[in-house]
Peer 1: 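Take a look at the following structure, please.
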Amino acid sequence: MAVKVDNSMSLAGYEQYGTIIVAYSFTSGVQDGVSYNAHGFPRVAYFPDNDNGNDIVDLIKLAFKRRLIFTIGDSVTTGAKNCIVWNDIHHKTSTQRGDTYGYPDPGYLDRVAAELKSKGVE
């Protein structure tokens with residue numbers, strides 16, 4: 001997991017702030033004797049560089065250390081079996097206005113805080 005800030009980039013709904021960029025990179029491997037694939041990596045997520053966004057990213061870092069961000073399973077998107085998939089903590093992976101996985105989404109930071117809390121991260 002790598003985190004950086006891009007002050008030249010803003011997200012829809014947060015135009016007055018820079019953007020926190022969180023990148024995840026994995027390779028295929030074996031866990032508990034079962035092979036898994038790292039399809040679709042690296043993955044990148046975006047958060048506004050404001051107080052709330054920074055608080056969420058701090059919680060995301062903690063969840064990552066606790067191995068809660070991803071799990072091994074079947075991809076809902078591609079149907080691939082035994083691959084690294086999101087583990088019910090939603091990330092905004094697009095910077096395109098109006099994209100389902102992008103901004104603006106006024107309730108997103110509150111929703112992801114609740115998702116993190118449901119996994120014991122607060």
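For this chain, numbers begin at 1 and follow the sequence in order.
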Peer 1: Do I84 and N37 make a side-chain contact, defined as non-hydrogen atoms from C-beta onward lying under 4.5 Å apart?
Peer 2: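 No, too far: nothing below the 4.5 Å cut-off.
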
Peer 1: Does some side-chain heavy atom of V85 sit less than 4.5 Å from a side-chain heavy atom of V76?
Peer 2: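 They are not in contact (no side-chain heavy atoms under 4.5 Å apart), so the answer is no.
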
Peer 1: Side-chain donor-acceptor pair under 3.5 Å between H91 and Y24, yes or no?
Peer 2: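 Yes, because at least one side-chain N or O of H91 sits under 3.5 Å from a partner of the opposite role on Y24.
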
Peer 1: Quick one: pull up CZ in F70 and SG in C83 and give me the separation to the nearest 0.5 Å.
Peer 2: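 Between F70 CZ and C83 SG, I get 11.0 Å after rounding to 0.5 Å.
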
Peer 1: Taking all non-hydrogen atoms of both residues into account, name the closest pair between S28 and A38 and its distance.
Peer 2: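 Shortest heavy-atom contact: OG-N, 3.0 Å.
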
Peer 1: So, taking the atom named CG in L68 and the one named NZ in K119, what distance separates them when rounded to the nearest 0.5 Å?
Peer 2: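 Nearest 0.5 Å value for the CG-NZ distance: 6.5 Å.
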
Peer 1: How are the rings of F26 and F64 set relative to one another: parallel (under 30°), tilted (30 to 60°) or perpendicular (over 60°)?
Peer 2: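 Aromatic pair F26/F64 classed tilted.
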
Peer 1: Do the non-hydrogen side-chain atoms of R43 and W86 ever get within less than 4.5 Å of each other?
Peer 2: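 The answer is yes; the side chains approach within 4.5 Å.
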
Peer 1: Could you check whether any side-chain heavy atom of Y103 comes within less than 4.5 Å of a side-chain heavy atom of P48, counting everything from C-beta outward?
Peer 2: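 Heavy-atom side-chain distance check passes, below 4.5 Å.
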
Peer 1: Would you say the side-chain atoms of K92 pair up with the backbone N or O of G102, donor to acceptor, closer than 3.5 Å?
Peer 2: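 Side chain of K92 to backbone of G102: a pair is present.
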
Peer 1: Are R111 and Y108 in a cation-pi contact, defined as NZ or CZ under 6.0 Å from the six-membered ring centre and within 45° of the axis?
Peer 2: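 Geometry flag: not set, cation outside 6.0 Å or 45°.
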
Peer 1: Do Q16 and N50 have side chains that approach each other closer than 4.5 Å (heavy atoms only, starting at C-beta)?
Peer 2: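 The answer is no, as the side chains (C-beta and beyond) never meet within the 4.5 Å cut-off.
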
Peer 1: Looking just at side-chain N and O atoms, do D49 and N54 make a donor-acceptor pair shorter than 3.5 Å?
Peer 2: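 The answer is yes; a qualifying pair exists.
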
Peer 1: Is it possible for you to say whether Y101 and V112 belong to one hydrophobic cluster, with membership spreading through side-chain heavy-atom contacts below 4.5 Å?
Peer 2: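 Unlinked, Y101 and V112 end up in two clusters.
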
Peer 1: Less than 4.5 Å apart, any side-chain heavy atom of R66 and any of V121?
Peer 2: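 In short, these two side chains touch, coming nearer than 4.5 Å.
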
Peer 1: What closest approach, in Å, do A80 and H39 show between heavy atoms, and which atom pair accounts for it?
Peer 2: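 A80 and H39 have their closest heavy atoms at CB-CD2, 4.1 Å.
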
Peer 1: Could you check if a side-chain atom of L116 sits within less than 4.5 angstrom of a side-chain atom of E122, using non-hydrogen atoms only?
Peer 2: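 Side-chain contact under 4.5 Å: no.
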
Peer 1: Quick check against the 3.5 Å criterion: does N87 have a side-chain atom that pairs as donor or acceptor with the backbone of I69?
Peer 2: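 Side chain of N87 to backbone of I69: no pair is present.
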
Peer 1: Between T93 and V44, is there a donor-acceptor pair closer than 3.5 Å when you use the side chain of the first and the backbone of the second?
Peer 2: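 A pair under 3.5 Å: no.
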
Peer 1: Under the criterion side-chain contact (heavy atoms from CB on, under 4.5 Å), which of T19, I20, D105 is the partner of L11?
Peer 2: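 The passing option is T19.
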
Peer 1: Test D88 against E115 for side chain to side chain contact (heavy atoms under 4.5 Å, CB included), laying out the working first.
Peer 2: CA-CA 7 Å; D88 300 324; E115 292 168 353; over 6 Å; no

Peer 1: If you count heavy atoms of other groups shown closer than 6.0 angstrom to CD of E15, is the number above 12?
Peer 2: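 Yes, CD of E15 has more than 12 neighbouring heavy atoms, counting only those of other groups under 6.0 Å.
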
Peer 1: Can you check side chain to side chain contact (heavy atoms under 4.5 Å, CB included) on I72 and V34, steps first, answer last?
Peer 2: CA-CA 10 Å; I72 306 299; V34 177; 5.8 Å; no

Peer 1: Report yes if the side chains of Y17 and N52 come closer than 4.5 Å at any heavy-atom pair, otherwise no.
Peer 2: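 Y17 vs N52: side chains apart.
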
Peer 1: For residues D99 and S94, report the shortest heavy-atom separation together with the two atoms involved.
Peer 2: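 Scanning both residues completely, I find the closest heavy atoms to be OD2-OG, 3.3 Å.
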
Peer 1: Apply the test side chain to side chain contact (heavy atoms under 4.5 Å, CB included) to residues V5 and I21: give CA-CA distance (whole Å), side-chain angles for both, the deciding distance (0.1 Å), then the verdict.
Peer 2: CA-CA 6 Å; V5 174; I21 302 168; over 6 Å; no

